[in-house]
Q: 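Starting off with a structure, shown below.
Order of appearance sets the numbers: ligands from 1, and atoms from 1 within every ligand. Basis for what follows: all heavy atoms, side chains included, without hydrogens, waters or symmetry-related copies.
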Amino acid sequence: MPNAVSLAPAVSALSPAPTFHAPLHTAHDDDAWWRSSVIYQVYPRSFRDLNGDGQGDLAGITAELHQLADLSVDAIWMSPFYTSPQRDGGYDVADYCDVDPMFGTLEDFDRLTARATKLGIKVIIDLVPNHCSSEHALFKAALAAEPGSPERAMFIFRDGTGPDGSNPPNNWQSHFGGSAWTRTLNDDGTPGQWYLHLFDSSQPDFNWDNPAVHAEFERILRFWLDRNVTGFRVDVAHALVKAEGLPDWHGRPDGCSTEEHPGHAAPMFGQRAIHDIYRRWRSILGEYDGDRILCAEATIDPLSRLVNWVRNDQMHQAFNFAYLHHPWDAARLREIITDSLQAFDSVGAPTTWVLSNHDVPRHATRFGEERPEVGLDRARAASLAMLALPGGVYLYQGEELGLPDHLTIPDELRQDPTFVRTGGERVGRDGCRVPLPWRADEPHYGFGSNDGGWLPQPEDWATLARDSQQADPASTLNLYRSALSLRKELGLGAGSLSWAVDADGTDTIAFLNNDVMVIFNMGQSDINVPAGSVLAASHADAGADGVLAPNRCVWLRLN
Ligand code: GLC
């Protein structure tokens with residue numbers, strides 16, 4: 001006799017003639033490209049290594065751009081490729097106006113943009129204005145200069161506290177663990193002033209109270225705008241200005257709210273004067289032709305505060321971290337989508353959606369909860385649901401292959417400063433940054449070098465390699481290809497959203513965008529879905545015979 005566990009789970013149903021709540025978000029007529037864009041994040045060091053030195057390079061990106069055109073993306077956003085000692089994956093910039101020899105030259109960059117333009121792909125680059133590398137000429141000059149000098153005033157130097165100045169100026173903590181201050185040594189070897197670094201000690205924070213810092217970044221913006229970039233993703237955009245007097249802070253080092261210490265009280269994040277900087281930058285972008293954009297990386301909560309970054313005289317887009325961090329929970333996801341659309345609509349800005357980037361475990365790993373197959377099923381369904389949402393989408397290289405994180409990188413090969421700064425307590429972000437697999441049968445899956453890449457790849461990626469997936473109509477790559485092309489064809493990015501009444505309070509996400517009904521089963525049981533033609537399905541069986549199994553998503557045109 002079958003036991004209770006093996007009995008088929010109860011089938012719940014969405015009504016065959018579904019009804020919808022009044023639209024939460026309506027389609028708009030503003031056809032600015034960035035209101036509905038799909039932007040693909042390239043992490044250059046791990047994309048494609050054309051010269052075989054184990055590091056991805058600009059020429060490698062250029063050589064493969066056609067593969068991204070094939071995914072119908074509007075733009076790429078390139079993580080930093082500037083001159084850098086790579087202490088924090090290039091977010092430690094030693095020269096903002098040059099290419100690190102590891103990645104190539106400025107001419108390689110020009111070739112990349114020329115090829116991208118030919119393929120109809122815009123190029124957005126990463127601007128890192130909060131801090132530079134300790135190898136930057138300005139910081140070296142500051143170290144060599146006296147306390148109180150104009151050189152030191154480019155950064156945040158302070159005397160220490162305590163009788164001999166041996167305690168840091170305040171209690172701020174680095175994002176990567178440990179104090180946010182490092183003490184310098186004077187020429188004669190005696191201990192000197194301290195400098196602030198919200199990240200690694202090799203990443204000194206600029207002093208944005210100093211007009212010379214503003215001038216320097218305006219020069220950098222123009223340098224790249226003149227080189228035809230379509231815009232900038234602005235790194236830690238909420239941190240540039242610090243509260244006067246640098247008061248102690250007892251909340252989270254990343255400024256995210258806790259009950260006792262709401263993020264709006266953090267002295268190193270979200271200060272009012274920041275908004276004037278972006279107003280100025282927006283007006284600079286406006287001097288250039290083409291519809292160029294700024295996108296904020298600002299871990300500001302709640303969403304109603306974040307949208308201050310995207311008022312129409314400031315940035316165009318901001319990453320939606322609430323969405324990025326949503327758990328596998330339909331009620332919570334519904335709430336985040338609702339809050340996001342309401343918040344961004346309130347200032348007339350597009351919402352963005354993102355499931356993976358170079359700073360978090362990939363969503364195939366997060367959603368799997370240690371079960372890789374479940375992770376891939378869920379990642380495919382979650383991606384298909386995301387691609388039907390109105391607004392802009394950010395994709396991270398490799399998610400279109402369904403890549404999971406590499407979970408067993410040996411400690412001695414780890415590169416992320418978080419690992420060392422926390423004594424291994426936090427393994428860091430290397431797992432989502434490993435080189436991409438291009439060809440199943442080649443060494444290191446055709447990433448580039450016969451000796452491997454700068455981080456090792458897992459041993460079981462042959463079936464995930466791009467060429468294996470190209471040939472397989474059921475692959476994750478082909479799912480992304482068809483969904484992205486349909487998203488464009490059906491105008492879903494510029495579309496609307498109305499929640500299905502039947503799905504209220506259930507484990508199912510169900511909404512209408514234009515005339516497409518999207519159903520995403522996050523529960524444990526099969527559900528019956530209304531009759532209609534299947535436009536896109538996360539799995540071959542999704543929506544077949546009117547049934548949607550758990551961890552599946554389907555786009556339907558209702559009969
Ligand atoms: C941003 C980047 C991250 C980097 C940090 C410091 O959060 O995305 O990779 O470590 O800024 O620049």
Q: Counting heavy atoms only, which part of F176 comes closer than 4.0 Å to ligand 1: side chain, backbone, both or neither?
A: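 Only the side chain of F176 comes within reach of ligand 1.
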Q: Among R233, E297, H175, R87, which residue places a heavy atom closest to atom 7 (O) of ligand 1?
A: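 Nearest option to atom 7 (O) of ligand 1, by heavy atoms: E297.
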Q: Heavy-atom contacts with H131 under 4.0 Å: which atoms of ligand 1 show up? List them by number with element.
A: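 The atoms of ligand 1 under 4.0 Å from a heavy atom of H131 are 6 (C), 12 (O).
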Q: Within the structure, is a non-hydrogen atom of R433 found at a distance of less than 4.0 Å from ligand 1?
A: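 Yes.
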Q: Identify every side-chain donor-acceptor pair in residues 232-240 under 3.5 Å, counting partners at least two apart or on other chains, and give the distances.
A:
from: R233; atom 1: NH1; to: D126; atom 2: OD1; distance (Å): 2.9
from: R233; atom 1: NH1; to: D126; atom 2: OD2; distance (Å): 3.4
from: R233; atom 1: NH1; to: D235; atom 2: OD1; distance (Å): 2.8
from: R233; atom 1: NH2; to: E297; atom 2: OE2; distance (Å): 3.4
from: H238; atom 1: NE2; to: T299; atom 2: OG1; distance (Å): 3.0

Q: Classify the side-chain pair N167/T161 by whether it contains a donor and acceptor separated by less than 3.5 Å.
A: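 No, no side-chain donor-acceptor pair sits under 3.5 Å.
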Q: Measure the distance from atom 5 (C) of ligand 1 to every protein heavy atom, then report the residue, atom name and distance (to 0.1 Å) of the closest one.
A: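 For atom 5 (C) of ligand 1, the nearest protein heavy atom comes out as F199 CE2, 3.7 Å.
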Q: Where is the nearest protein heavy atom to atom 11 (O) of ligand 1: which residue, which atom, and how far?
A: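 Heavy-atom neighbour on the protein nearest atom 11 (O) of ligand 1: D235 OD1, 2.9 Å.
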Q: Taking 4.0 angstrom as the limit, do D313 and R311 come out as a salt bridge?
A: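 No, no charged N to carboxylate O under 4.0 Å.
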Q: If you have a sec, work out which protein heavy atom is nearest atom 8 (O) of ligand 1 and how many Å separate them, to one decimal?
A: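 Ranking protein heavy atoms by distance from atom 8 (O) of ligand 1, first comes D359 OD2, 2.5 Å.
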Q: Decide whether W181 and N170 meet the rule of one side-chain donor and one side-chain acceptor closer than 3.5 Å.
A: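 A pair is found: one side chain offers a donor N or O, the other an acceptor, under 3.5 Å apart.
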Q: List the steps, then state whether salt bridge (Lys or Arg N to Asp or Glu O under 4.0 Å) holds for E400 with R466.
A: CA-CA 9 Å; E400 76 279 23; R466 189 170 298 260; 2.6 Å; yes
Q: Kindly write out the residues that satisfy ring pair (Phe, Tyr, Trp, His ring centres under 6.0 Å) with Y82, not counting sequence neighbours, or none if the list is empty.
A: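 Ring pair (Phe, Tyr, Trp, His ring centres under 6.0 Å) list for Y82, sorted by chain: W224.
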Q: Nearest to atom 10 (O) of ligand 1, what protein heavy atom do you find, and at what distance?
A: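 That would be D88 OD2, 2.6 Å.
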Q: Does ligand 1 have an atom that lies less than 4.0 angstrom from a heavy atom of Q41?
A: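 No heavy atom of Q41 comes that close to ligand 1.
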Q: Using a strict 4.0 Å cut-off to heavy atoms of R429, name the atoms of ligand 1 that fall inside it.
A: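 Listed by number with element: 3 (C), 4 (C), 9 (O), 10 (O).
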Q: Less than 4.0 Å between a side-chain N and a carboxylate O, is that true for R429 and D88?
A: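 Result for this pair is yes, salt bridge flagged.
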